[in-house]
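If you're wondering where the values come from, they're calculated on a predicted model, not measured in any experiment.
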Amino acid sequence: MTRIAEARKFYARLMAANAGSADPRLEGVFAAVPREAFLGPGPWTVVAGNGKVETPSADPVHIYQNVLVALDADKGINNGEPFLHAMWIGKVAPKPGETVTHVGAGTGYYTALLAHLISPGGAVTAFELESSLADRARKNLEAYDEVAVIHGDAVISGLPPSDIIYVNAGVAAPPAEWLKALKPGGRMVFPWRPAERIGLAVMVTRTEQGLACDPFMRSWFIPCIGASLASSAAKIDRESAARSRSIWLTSEAAPDRTATAIIGDVWFSSRSIGPS
């Protein structure tokens, strides 16, 4: 086994262990997809807190650990923290044959992991708003017949019917059209930023009774253009946000006393709903 293959194998074991997923394929896909192929030529800039550190060389061994690698440092766009994505991917549990929409695909690394997990028979639609990143993602994913990369705004474009919607940009609330795009049993994971100092990862599941939600960890992403600014009337604190257990469209149900946040045409409730 080569040195890089060994580093990638250990990295994959770390990701799978951190995810705590019951799917043994998760470790396999992290081992199979070369992260360096999606980062451009090294050395790479690693984001560490409020600072940045350059890797000592272009040796890929440096990026097979839980490091945040900058893609566009000026715009604050990076490749994403592997531990976080391992947890998110494990939580949404992609299955062969499912359809995935990836919002904020960057250069396509996590798109590629999702594509492996929904194969055979599945499909991934990857949206990326930055033209340079969309071009890189399209090139990086040329070998993935199940992936379509779209340079466009997922907020205004509308999403295809999806088993999974995987969002990598912070939103004040998921647009109503995203929620409507979820198929029965469909899952959405997104970074919720209802207020400046609140950042939570939320899992939404479409059940027969409605849209169940689970704010399961803290999470900070760059804002999703067009869906990141809540009205000043949307007053919410972290404790209220964390109590949210379901999401509703105001067009289908009026907010009631269980509302934890009302943002545009979407509101969050502390009321739990049963599984499908």
- If you round to the nearest 0.5 Å, how far is CE of M217 from CE of M87? 4.5 Å

- Item | Atom pair CG (L182) and CG (L159), whose distance is rounded to the nearest 0.5 Å | 9.0 Å

- Message: Walk me through whether V189 and V167 qualify under side chain to side chain contact (heavy atoms under 4.5 Å, CB included).
- Response: CA-CA 6 Å; V189 63; V167 184; over 6 Å; no

- Flag, side chain of R35 to backbone of I63, donor-acceptor distance under 3.5 Å: yes

- Task: Grab the two heavy atoms, one from A19 and one from A86, that are nearest each other, plus how far apart they are.
- Result: CB-O, 3.2 Å

- Message: In this structure, is the centre-to-centre distance between the rings of W88 and Y110 below 6.0 Å?
- Response: no

- Item | salt bridge (charged side-chain N to carboxylate O under 4.0 Å, His left out) against R187, all qualifying residues, sequence neighbours excluded | E98

- Do V204 and V202 have side-chain heavy atoms sitting under 4.5 Å apart? yes

- Item | Side-chain heavy-atom pair L39, N79 within 4.5 angstrom cut-off | yes

- S251 side chain vs L249 backbone, donor-acceptor pair below 3.5 Å: no

- Task: Could you tell me whether the side chain of E27 reaches within less than 4.5 Å of the side chain of R13, counting heavy atoms only?
- Result: yes

- Query: Between D256 and R271, is there a salt bridge with N-O shorter than 4.0 Å?
  - Reply: yes

- Query: About how many Å separate CD1 of I150 and OG of S157, when rounded to the nearest 0.5 Å?
  - Reply: 7.0 Å

- Task: Taking atom types as modelled, find out whether S270 and T260 have a side-chain donor-acceptor pair closer than 3.5 angstrom.
- Result: no

- Item | Pair K139-T107, side-chain donor/acceptor within less than 3.5 Å | no

- side-chain contact (heavy atoms from CB on, under 4.5 Å) partner of F38, the single match among T111, V69, L71, L141: L141

- Heavy-atom side-chain proximity of M188 to P174 below 4.5 angstrom: yes

- For residues R25 and S119, report the shortest heavy-atom separation together with the two atoms involved. NH1-O, 4.4 Å

- What pairs meet the ring pair (Phe, Tyr, Trp, His ring centres under 6.0 Å) rule with one or both residues in residues 123-154, with sequence neighbours excluded? H116-Y144

- Query: Does N66 have any side chain to side chain donor-acceptor pair (under 3.5 Å) partners at least two apart in sequence or in another chain, and if so, which?
  - Reply: E81

- Yes or no on side chain to side chain contact (heavy atoms under 4.5 Å, CB included) for W192 and F268, after CA distance, side-chain angles and deciding distance? CA-CA 11 Å; W192 189 24; F268 295 73; 3.5 Å; yes

- Pairs where residues 45-84 contributes a residue and the test ring pair (Phe, Tyr, Trp, His ring centres under 6.0 Å) is met, not counting sequence neighbours: Y11-Y64

- Message: Distance alone, cut at 3.5 Å: any donor-acceptor contact between the side chains of D265 and T250?
- Response: no

- Is it true that R3 and D59 have a side-chain N and a carboxylate O under 4.0 angstrom from each other? yes

- Find out whether T125 and V100 are in side-chain contact, i.e. whether some heavy atom of one side chain is under 4.5 Å from a heavy atom of the other. no

- Query: Passes side chain to side chain contact (heavy atoms under 4.5 Å, CB included), H85 versus Y166? Steps please.
  - Reply: CA-CA 10 Å; H85 284 278; Y166 193 81; 2.8 Å; yes

- Message: Show, in sequence, the C-alpha distance, side-chain angles and deciding distance for E130 and K75, and conclude whether the salt bridge (Lys or Arg N to Asp or Glu O under 4.0 Å) test is met.
- Response: CA-CA 10 Å; E130 294 288 333; K75 294 181 178 179; 2.7 Å; yes

- Message: I'd like to know if the side chain of E128 and the backbone of G106 have a donor-acceptor N/O pair within less than 3.5 Å.
- Response: yes

- Query: Just how far is it from atom CD1 of I118 to atom CG of L114, taken to the nearest 0.5 Å?
  - Reply: 8.0 Å

- What's the shortest heavy-atom distance between E146 and G122, and which atoms? CB-O, 3.5 Å

- Minimum-distance pair of heavy atoms, taken over all atoms of A115 and V124: CA-CG2, 3.9 Å

- 4.5 Å side-chain heavy-atom contact, H102 and N168: yes

- Shared hydrophobic cluster for V61 and V53 (ILVMFWY, side-chain gaps under 4.5 Å): no

- Query: Got a second to check how far F30's CZ is from Y109's OH, nearest 0.5 Å?
  - Reply: 5.5 Å

- Message: Is a donor from one side chain sitting under 3.5 angstrom from an acceptor on the other, for E54 and T45?
- Response: no

- Item | Minimal non-hydrogen separation, P215 against A241, with atom names | CG-O, 3.7 Å

- Task: State which residues pass side chain to side chain donor-acceptor pair (under 3.5 Å) with N140; sequence neighbours excluded, sorted by chain then number.
- Result: none

- Distance, nearest 0.5 Å, that separates CD1 of I89 from CG of D23: 11.0 Å

- Message: Whether the side chain of R243 engages the backbone of S269 through a donor-acceptor N/O pair (distance < 3.5 Å, no angle test) should be reported.
- Response: no

- Joining Ile, Leu, Val, Met, Phe, Trp and Tyr whenever any side-chain heavy atoms lie under 4.5 Å apart, the cluster holding V47 also takes in L68

- Task: Mind listing the closest non-hydrogen atom pair of A31 and A12 along with its distance?
- Result: N-CB, 3.4 Å

- Salt bridge check: are E36 and R8 linked by an N-O gap of less than 4.0 Å? yes

- Item | A5 backbone acceptor or donor facing T2 side chain under 3.5 Å | yes

- Sidechain-backbone polar pair: T99 side chain, D163 backbone, donor-acceptor under 3.5 Å: yes

- Query: Is a side-chain donor or acceptor of W267 paired with a backbone partner of A253 at a separation under 3.5 angstrom?
  - Reply: yes

- Check: W178 side chain, A154 main-chain N or O, donor-acceptor pair, under 3.5 Å: yes

- Task: Could you give me the CA-CA distance, side-chain angles and deciding distance for L200 and F216, then say whether side chain to side chain contact (heavy atoms under 4.5 Å, CB included) is met?
- Result: CA-CA 7 Å; L200 294 168; F216 63 94; over 6 Å; no

